[in-house]
Amino acid sequence: MNAMVSARVPVEIKKQGDQKLKEIGSSVTELINAAYEYLIRYGKLPKETPQKPVDTPQVKTLTGDALHTFQEQWQNRQVLNAPGYDGQNFKELLDQAREDYHARLA
């Protein structure tokens, strides 16, 4: 048996909420059930405002030693540190491989 629940919600919040529910393929009934289950499980309401909105990209700012380390690694990113490559970058290795390949075809 199910109980009926009614609530007063600001019109604009309801419009936006209905749109989001439609986008995720859910219903008001599922929303209310999920809210009650959350309350029962955690003994409190869900946070009103998430720390970061879902559509906000995560941004991390590097400072100090971390920034310096990243800049050094970025500047040296094309150098292969594998044995036999003698510090050549990818483009140089690719050019050499192409020359060798074409020489064998000639």
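We find the CG-CE distance between Asn2 and Met4 to be 10.0 Å, quoted to the nearest 0.5 Å. The structure places CG of Leu21 at 12.0 Å from CD of Gln16, a figure rounded to the nearest 0.5 Å. Here the CD-CG distance, from Glu37 to Asn33, works out to 6.0 Å after rounding to the nearest 0.5 Å.
Residues that satisfy the salt bridge (Lys or Arg N to Asp or Glu O under 4.0 Å) test with Lys44, not counting sequence neighbours, are absent from this structure.
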Salt bridge (charged side-chain N to carboxylate O under 4.0 Å, His left out) evaluation trace for Lys14 with Asp18: CA-CA 6 Å; Lys14 182 175 184 319; Asp18 287 346; 2.6 Å; yes
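Glu72 places a side-chain heavy atom less than 4.5 Å from the side chain of His68.
For the pair Glu30 (side chain) and Ser27 (backbone), a donor-acceptor distance under 3.5 Å is present.
Note on residues 97-106: pairs passing side chain to side chain donor-acceptor pair (under 3.5 Å), not counting sequence neighbours, are Gln96-Asp100.
Around atom OH of Tyr36, no more than 12 heavy atoms belonging to other residues, nucleotides or ligands sit under 6.0 Å away.
A chain of hydrophobic side-chain contacts below 4.5 Å, direct or via other Ile, Leu, Val, Met, Phe, Trp or Tyr residues, connects Leu31 to Val5.
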